[in-house]
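Structure first, commentary second.
Bear in mind that the values here come from a model prediction, so they are computed numbers and not experimental data. So you know, we letter chains A, B, ... as the sequences are listed, proteins then strands, and number each from 1.
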Amino acid sequence: MPKQAVSTAIWWIRRDLRLHDNPALQAALRVARTIIPLFILDEAILTHSHERCNAFLFENLRELDIALRERGSRLFIRRGAPLDCLQSIFHESKAQAIFAQQDFSPYAHTRDKAVAAMLPFTLTPGVTIQPPLSIRKKDGNPYTIFTPYARAWREQLPALHLLDAPTHLETPPILFSEPVPSAQPSQLFPAGEQVALQRLHTFLAKQAWDYQHDRDMPGQDSTSLLSPYFHFGVLSSRLAFQQAQTQAQSNKEAAGFHSWINELVWREFYTMILENFPHVVQGAFREQFSRIEWENNEHHFLAWQKGSTGYPLVDAGMRQLQETGWMHNRTRMIVASFLCKDLLINWQWGETFFYENLIDRDLASNNGGWQWSAGTGTDAAPYFRVFNPVTQSKRFDQQGTYIHQWLPELDNIPDKYLHTPWQMPLDVQQDCGCIIGKHYPNPLINHSLARQLALKTYRKVKA
DNA sequence: TAAATGTTGTC
DNA sequence: ACAACATTT
C-alpha cells in the first residue's frame with residue numbers, strides 16, 4: 001500500500017459490486033482524495049459465462065452506477081484485457097494507486113500477478129469472512145476435512161469491523177467509459193445491494209428460524225436465495241455472517257441460524273481448498289479417483305441436461321436450473337449423485353454444465369460440491385453413498401410441490417405415482433393423460449442396477 | 001448431508 | 001409380520 005497519501009486511486013471492482021463493507025474501496029479512500037470506480041469487461045470471463053449470468057452482472061453494475069451517482073461519483077467501464085485497460089486508465093487519469101479485492105482462482109492469480117508486476121497494485125481481503133490461508137492445522141498444513149476446519153474457523157474468528165458505505169465520493173469528471181451493457185433484468189434475482197440487504201434481512205427474520213429443517217425441502221420457500229449476490233459481492237459475506245451471528249447469540253432457538261452460518265463456512269472451506277489445492281480444477285482431489293472408468297454416454301448426458309431422465313425430482317431440478325439459472329441445494333446434490341453414480345458420467349461434465357448455467361457460478365463452491373457428490377474430493381461422502389432418487393423424492397418433496405412446480409406434464413397424475421410415474425398402470429396413464437414414454441420419459445436406467453454398477457466401478461479405484 | 005441388507009426383538 | 005437396530009456397501 002502506498003505509504004503517503006496520493007491524489008487519485010483506482011478502485012478496480014471485480015467481485016465486490018457494493019459500497020457497504022467494502023475493504024478495497026475503503027483502502028483506496030484511506031490514501032486518496034479522488035477515486036475512480038472501474039469495472040473491466042473481460043472477454044476471457046464473459047464469453048465463458050451464460051447470458052443470464054452476464055445479465056445479472058450487468059444489472060448489478062447498473063445499480064452500482066446509480067448508487068455511485070447518488071454519492072457524486074459514477075462507475076467507469078472499460079472493455080478488454082485487464083492489464084491493458086488498467087494501464088491506459090492509469091495513465092489517462094494520472095492515478096497513483098490501484099486497489100482491488102483479492103480473488104481466489106488460478107485465473108485471478110495469474111491476472112493479478114501480471115498487474116502487480118507493472119502497476120502499484122494493492123489487494124485487500126473481502127471475498128471471504130476470514131482469509132483462506134489464515135486457517136491451518138497445528139502442523140501448518142491446510143485442513144482437508146470440513147468439521148475440524150469449521151471448528152478452527154470459529155475459534156480463531158477475529159472481531160469483524162464492518163465498514164460503512166461512503167456518503168460521498170470524489171471522482172474525476174472527464175474520463176472515457178463504455179456504457180453499462182444493457183441486459184434483461186432477472187425476476188428471481190433483482191439487482192442491487194439494497195435488494196440483497198433487504199433479502200438478507202427478511203430471511204433472518206423469517207425462514208432462518210427453521211432453516212435447519214426446511215432448507216432440505218426444495219418445494220418450500222425456505223432458503224435465502226443469496227448465492228448470486230455473494231458470488232459477485234453484491235452482499236458482504238462478513239456482514240451477512242455478523243447479522244446471523246447476532247441473531248444466533250440473542251436467541252435460545254438458534255439452530256436455524258447456526259445451520260445457515262455453517263453454509264457460509266462451507267463457502268470459506270471450498271475457497272480455502274481451491275487456494276491450497278488448485279489441482280482440483282483439473283481433476284479429482286484424490287488421485288486414484290481420476291482413474292474411474294466412466295461410461296460417459298452422450299445420450300444420457302443430454303437427457304440429464306434437459307431434465308428427461310424419467311426420475312421426477314432429478315428432472316425437476318434440472319428444469320429449475322434451465323429455467324432460472326439457479327437450483328435448490330438439495331436437488332443439486334440429487335442430480336449430481338444421479339449423474340456420477342446412476343449414469344456413471346464424469347462429474348466434471350456436470351461441473352462444467354453447472355458452471356455455465358448457474359448465476360451463482362462460483363468456481364470453488366461448484367467444484368467442491370461436485371467432488372463431494374462424486375466422492376472424489378476432500379471431505380467426500382464415501383464412494384458407496386449413493387442417493388436413491390425415489391427415496392430422496394419421497395423424503396424431501398413428499399407432497400410433490402417441487403415436482404409439480406417444474407414438471408407440468410405430471411400435473412394430473414395420481415399422487416401415489418408422482419415419485420415413480422413408470423409404475424402407473426396403462427389405464428391410469430390414459431385416464432390422466434400422461435403416457436409414460438410419450439408425455440414423460442421412461443427411467444433412463446434402473447436405479448438398483450445402476451447402483452450396483454457404480455459400486456463395482458468405484459470399488460476398482462478405491463484406495 | 002445415504003441406502004441396502006442382515007439380525008434381533010416384539011407381537 | 002414387521003419394526004428397531006446393526007452392519008455392509
### Query
Just one of A/F39, A/F121, A/F99 clears the ring pair (Phe, Tyr, Trp, His ring centres under 6.0 Å) bar with A/W12, so which one?
A/F121
### Message
Using a strict heavy-atom distance below 4.0 Å, which residues from residues 383-390 of chain A are in contact with DNA chain B?
### Response
A/F384, A/R385, A/V386, A/F387, A/N388
### Message
Within this structure, what is the CD-CH2 distance for the pair A/Q322 and A/W406, rounded to the nearest 0.5 Å?
### Response
11.0 Å
### 4.5 Å side-chain heavy-atom contact, A/Q130 and A/I135
yes
Atom pairs, N/O to N/O, protein against nucleotides 2-6 of chain C, distance under 3.5 Å?
none

### Message
Give me each pair satisfying salt bridge (Lys or Arg N to Asp or Glu O under 4.0 Å) with a member in residues 254-270 of chain A, each pair once, sequence neighbours excluded.
### Response
A/R215-A/E263
### Query
Would you call the rings of A/F230 and A/W260 parallel, tilted or perpendicular, where under 30° means parallel and over 60° means perpendicular?
tilted
### Query
Who passes side-chain hydrogen bond (donor to acceptor under 3.5 Å, both in side chains) against A/T128, sequence neighbours left out?
none
## Note on the structure
Counted 5' to 3', the first and last nucleotides of DNA chain B within 4.0 Å (strictly under) of a heavy-atom of chain A are B/dT1 to B/dA4
### Task
May I ask you to test the A/Y311-A/P443 pair for a side-chain heavy-atom distance under 4.5 Å?
yes
### Task
Using a strict 4.0 Å threshold on nitrogen-to-oxygen distance, state whether A/D103 and A/R14 make a salt bridge.
no
### Query
So what does A/R215 hit on the nucleic acid, given a heavy-atom distance under 4.0 Å: a base, only sugar-phosphate, or nothing?
nothing
### Query
Contact class for A/R459 vs. all strands (heavy atom < 4.0 Å): base, sugar-phosphate, or nothing?
sugar-phosphate
Sequence neighbours left out, cut at 3.5 Å: what donor-acceptor pairs do the side chains of residues 183-195 of chain A make with other protein atoms?
{"residue": "A/S186", "atom": "OG", "partner": "A/L188", "partner atom": "N", "Å": "3.3"}
{"residue": "A/S186", "atom": "OG", "partner": "A/F189", "partner atom": "N", "Å": "2.9"}
{"residue": "A/E193", "atom": "OE1", "partner": "A/L19", "partner atom": "N", "Å": "3.1"}
{"residue": "A/E193", "atom": "OE1", "partner": "A/H20", "partner atom": "N", "Å": "3.1"}
{"residue": "A/E193", "atom": "OE1", "partner": "A/H20", "partner atom": "ND1", "Å": "2.6"}
{"residue": "A/E193", "atom": "OE2", "partner": "A/L19", "partner atom": "N", "Å": "2.8"}

### Salt-bridge contact A/R18-A/D164 (side-chain N to carboxylate O under 4.0 Å)
no
